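For clarity, every value in this text was computed on a predicted model and none was experimentally measured.
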Amino acid sequence: MSRIRTAARHNLPTLMKTGSYYVIHVCVAALVAYAVTGNLIASLTLSLLEPTVQAVAFFFHEKAWERALRRRSDAAHPPRAEPVPVS
């Protein structure tokens, strides 16, 4: 369980962003699904299923972008080599 807490703490900004994205996505999906189907049950089912999958995908998409930006930054600023002492 401590691994989960540590991971959640480490990824808190991304998790919070994912949560807000999820709420907005569910609302938009419910309105669109209701407009298309005219059926409240079908629109609620669709609006909960699809955004849930999207939210999980979004979290990993954000993590991949963070890693790519970190790699780009590391490549632009390589660590300096320590001078080798001459004996």
Side-chain angles (χ1 to χ4, degrees):
M1 189 64 141
S2 66
R3 270 187 178 171
I4 293 172
R5 275 191 226 130
T6 302
R9 224 175 282 125
H10 179 71
N11 295 300
L12 189 59
T14 303
L15 288 170
M16 289 174 63
K17 189 175 177 181
T18 303
S20 68
Y21 173 79
Y22 178 79
V23 170
I24 290 169
H25 197 135
V26 167
C27 293
V28 170
L31 291 172
V32 170
Y34 185 74
V36 170
T37 66
N39 182 325
L40 184 61
I41 300 299
S43 66
L44 290 175
T45 301
L46 290 171
S47 69
L48 291 173
L49 177 64
E50 191 270 341
T52 300
V53 173
Q54 286 287 353
V56 172
F58 177 79
F59 175 81
F60 289 107
H61 177 262
E62 284 290 305
K63 298 309 294 176
W65 271 98
E66 285 176 13
R67 181 176 293 148
L69 291 173
R70 201 173 325 117
R71 284 183 182 165
R72 181 176 289 172
S73 176
D74 291 346
H77 305 287
R80 290 191 216 192
E82 292 293 322
V84 178
V86 178
S87 335

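- Expressed to the nearest 0.5 Å, how far OH of Tyr22 lies from CD of Gln54 amounts to 11.5 Å.
- Side chain of Ser47 to main chain of Leu44: a donor-acceptor pair is present (N/O by atom type, distance under 3.5 Å, no hydrogens or angles).
- No chain of hydrophobic side-chain contacts below 4.5 Å, direct or via other Ile, Leu, Val, Met, Phe, Trp or Tyr residues, connects Val28 to Phe58.
- At a threshold of 4.5 Å between non-hydrogen side-chain atoms, the residues Glu66 and Thr14 count as touching.
- Atom OG1 in Thr45 sits 9.0 Å away from atom CG in Leu40 (nearest 0.5 Å).
- Residue Lys17 holds its NZ atom at 13.0 Å from CG of Asn11, rounded to the nearest 0.5 Å.
- Other residues, nucleotides and ligands contribute only 12 or fewer heavy atoms inside 6.0 Å of the OH atom of Tyr34.
- At least one side-chain heavy atom of Val56 sits under 4.5 Å from a side-chain heavy atom of Phe60.
- Closest approach of Ala42 to Thr37, counting heavy atoms only: CB-OG1, 4.3 Å.
- A continuous path of hydrophobic side-chain contacts links Ile24 to Val32 [ILVMFWY only; heavy atoms under 4.5 Å].
- Note that OG1 of Thr52 is 9.0 Å distant from NE2 of His25, once rounded to the nearest 0.5 Å.
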